[in-house]
Structures are given as C-alpha cells and as structure tokens.
Amino acid sequence: MCCGGCAKCLGVTLIPLAVLCTLANILLFFPGGNVETSDHISEEVWYFGGILGSGVLMVFPALVFFGLKNNDCCGCCGNESCGKRFAMFTSVIFAAVGVLGAGYSFIVSAIAMHKGPKCSMLDGTWGYPFENGNYLGNQSLWYDCQSPKSVVPWNLTLFSLLLIMSGAQVVLCSIQAVNGLLGTLCGDCKCCGCCGGDGAV
Ligand SMILES: *[C@@H]1O[C@H](CO)[C@@H](O)[C@H](O)[C@H]1NC(C)=O
C-alpha cells in the first residue's frame with residue numbers, strides 16, 4: 001500500500017483535473033461557443049459542479065495530499081518524533097471533502113447529460129426538448145434544438161468530460177482516504193514494510 005509519496009502523486013494529479021473541470025464548466029456558459037442570456041443556459045450549468053465541486057473545493061485536498069510527502073509514514077521509521085498519524089488523519093478528512101465535491105460534480109453532470117441541453121425548440125420557445133436521455137442514441141432528434149447552434153454536442157462533450165474527470169477525482173480521493181486511514185492506524189510505523197523504500201506504491 002502507498003503512503004506519503006503516493007499521496008503526493010494524487011495531489012499533483014488532482015490540480016490539473018480541477019483546472020480542466022473549472023474550464024469545462026466555464027465553457028458550458030457559452031453554449032455552442034455563443035454568448036447567450038442567462039435564461040438560455042441549461043440549469044445544471046448554474047449548479048457550478050465543475051467550478052465549485054471539482055474545482056475550488058478540490059484545491060484543499062490536493063494541497064494537503066501534496067504536503068504529505070514530507071510527513072511520509074515511512075520516514076517515521078528512523079524518526080521517533082512524528083505526528084504522522086495526525087497528518088494522515090487530516091488527509092482522510094480532506095479526502096472525504098474531495099469525494100463530496102467531485103461526487104456532486106459527477107451527479108450534476110450525469111443529470112445534465114440525461115436531461116439534455118436547454119435550447120430554442122422547433123416551436124420557437126426555449127426549453128428542454130429531450131426526455132429520458134433519448135437524444136443520446138438518436139442524433140436525428142438533435143434537430144429539435146434549433147439554437148444555439150451545436151449546443152447539443154457542445155454540452156454533451158463538456159458534461160461527459162466533467163463526468164469522467166470528476167469520476168477520476170472521486171477515485172483518487174477515495175484512494176487517499178484508504179491510504180490515510182491505513183497511515184492513521186499504522187502511525188506507529190509497524191506497517192513500514194508496506195511502503196516501498198521511497199514511499200511509492
Ligand atoms: C430517432 O428519432 C426520430 C425522430 O423522432 C424517429 O423518427 C426515429 O425512429 C428515431 N430512431 C431511432 C433509432 O430510434
């Protein structure tokens with residue numbers, strides 16, 4: 001099982017994911033690359049799943065995980081005075097925060113993909129023309145969305161990316177939750193054998 005070195009890798013990976021999720025959410029405010037009034041933007045975009053859940057909220061666990069390298073539970077072996085247990089326990093709390101934030105983003109993206117985008121429909125009114133995700137398997141239905149142009153592939157692509165990236169964040173934070181829990185329990189370093197020499201997996 002991995003310890004501090006592994007946590008550092010997790011932290012480093014979470015940052016670009018958080019940046020990309022934030023970008024994806026920002027792009028969703030410009031459906032099809034167009035500037036639209038706020039009432040023409042899909043409701044789920046306003047839930048800020050990518051910006052808050054997978055973005056801002058993810059910075060805290062990422063930084064905490066990143067800092068764990070210096071608190072490596074393996075380093076504890078040759079070091080009597082260490083608050084490794086506490087450091088690892090803290091990382092579990094932040095891992096849980098990360099799982100909640102990314103989980104929120106994941107659920108919002110899944111709902112948005114199922115529901116489909118808000119757009120100007122064939123009758124000229126603005127709304128959600130698709131139901132039960134039927135448009136996902138039938139591209140001829142996409143003509144129901146007259147404007148903004150390309151709003152269907154735009155939202156579908158960005159929400160799928162958000163879904164995948166927030167899913168990855170949930171997995172990464174879950175790994176650190178388990179890792180940190182083991183580190184907390186093994187704070188006396190009797191588990192040092194479980195970490196490779198350099199603390200990697
Ligand atoms: C796709 O939707 C169109 C328009 O409603 C419908 O005529 C067609 O049968 C659908 N095709 C499939 C494969 O469901």
Side-chain angles (χ1 to χ4, degrees), residues 9-62 65 95-178 201:
C9 300
L10 294 176
V12 170
T13 315
L14 283 176
I15 291 292
L17 283 175
V19 171
L20 290 174
C21 285
T22 305
L23 275 178
N25 200 154
I26 290 172
L27 285 174
L28 280 164
F29 279 104
F30 303 94
N34 304 291
V35 177
E36 292 287 337
T37 52
S38 58
D39 57 326
H40 288 174
I41 292 167
S42 304
E43 191 184 1
E44 289 73 18
V45 177
W46 292 102
Y47 292 171
F48 293 99
I51 293 174
L52 293 182
S54 283
V56 173
L57 206 57
M58 208 53 63
V59 170
F60 304 105
F65 297 174
V97 170
V99 168
L100 288 180
Y104 170 74
S105 178
F106 186 86
I107 291 168
V108 167
S109 304
I111 291 173
M113 286 176 72
H114 183 75
K115 184 173 169 188
K118 188 175 198 177
C119 59
S120 172
M121 299 179 288
L122 289 172
D123 62 7
T125 61
W126 283 77
Y128 300 87
F130 309 124
E131 48 191 43
N132 302 323
N134 59 350
Y135 75 105
L136 291 168
N138 189 348
Q139 215 164 322
S140 51
L141 289 173
W142 294 13
Y143 292 106
D144 287 352
C145 266
Q146 294 283 297
S147 125
K149 202 168 170 290
S150 309
V151 64
V152 182
W154 183 274
N155 276 32
L156 202 51
T157 306
L158 289 168
F159 273 122
S160 337
L161 287 175
L162 264 181
L163 190 78
I164 294 167
M165 292 190 292
S166 59
Q169 287 175 328
V170 169
V171 172
L172 292 174
C173 288
S174 304
I175 291 174
Q176 180 53 29
V178 174
V201 179

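Model, not experiment: these values are computed from the prediction. Order of appearance sets the numbers: ligands from 1, and atoms from 1 within every ligand.
Considering every non-hydrogen atom in both Met165 and Cys21, the closest pair reads CB-SG, 3.6 Å. Considering all non-hydrogen atoms of both residues, Val170 and Ala102 come closest at CG2-CB, 3.6 Å.
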task: Would you sort out whether Tyr143 and Leu122 count as a side chain to side chain contact (heavy atoms under 4.5 Å, CB included), showing the intermediate values?
output: CA-CA 8 Å; Tyr143 292 106; Leu122 289 172; 5.6 Å; no

- prompt: Please walk me through it: do Val152 and Tyr135 pass side chain to side chain contact (heavy atoms under 4.5 Å, CB included)?
  reply: CA-CA 9 Å; Val152 182; Tyr135 75 105; 3.8 Å; yes

Between ligand 1 and the protein, which N/O pairs are shorter than 3.5 Å?
from: ligand 1; atom 1: 2 (O); to: Asn138; atom 2: ND2; distance (Å): 2.3
from: ligand 1; atom 1: 2 (O); to: Ser140; atom 2: OG; distance (Å): 3.4
from: ligand 1; atom 1: 11 (N); to: Asn138; atom 2: ND2; distance (Å): 2.8
from: ligand 1; atom 1: 14 (O); to: Asn138; atom 2: ND2; distance (Å): 3.3

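With His40 as the fixed residue, the ring-ring contact (aromatic ring centres under 6.0 Å, His included) test singles out one of Phe29, Phe30, Trp126: Trp126.
Around CZ of Phe48, the count of heavy atoms belonging to other residues, nucleotides or ligands within 6.0 Å exceeds 12.
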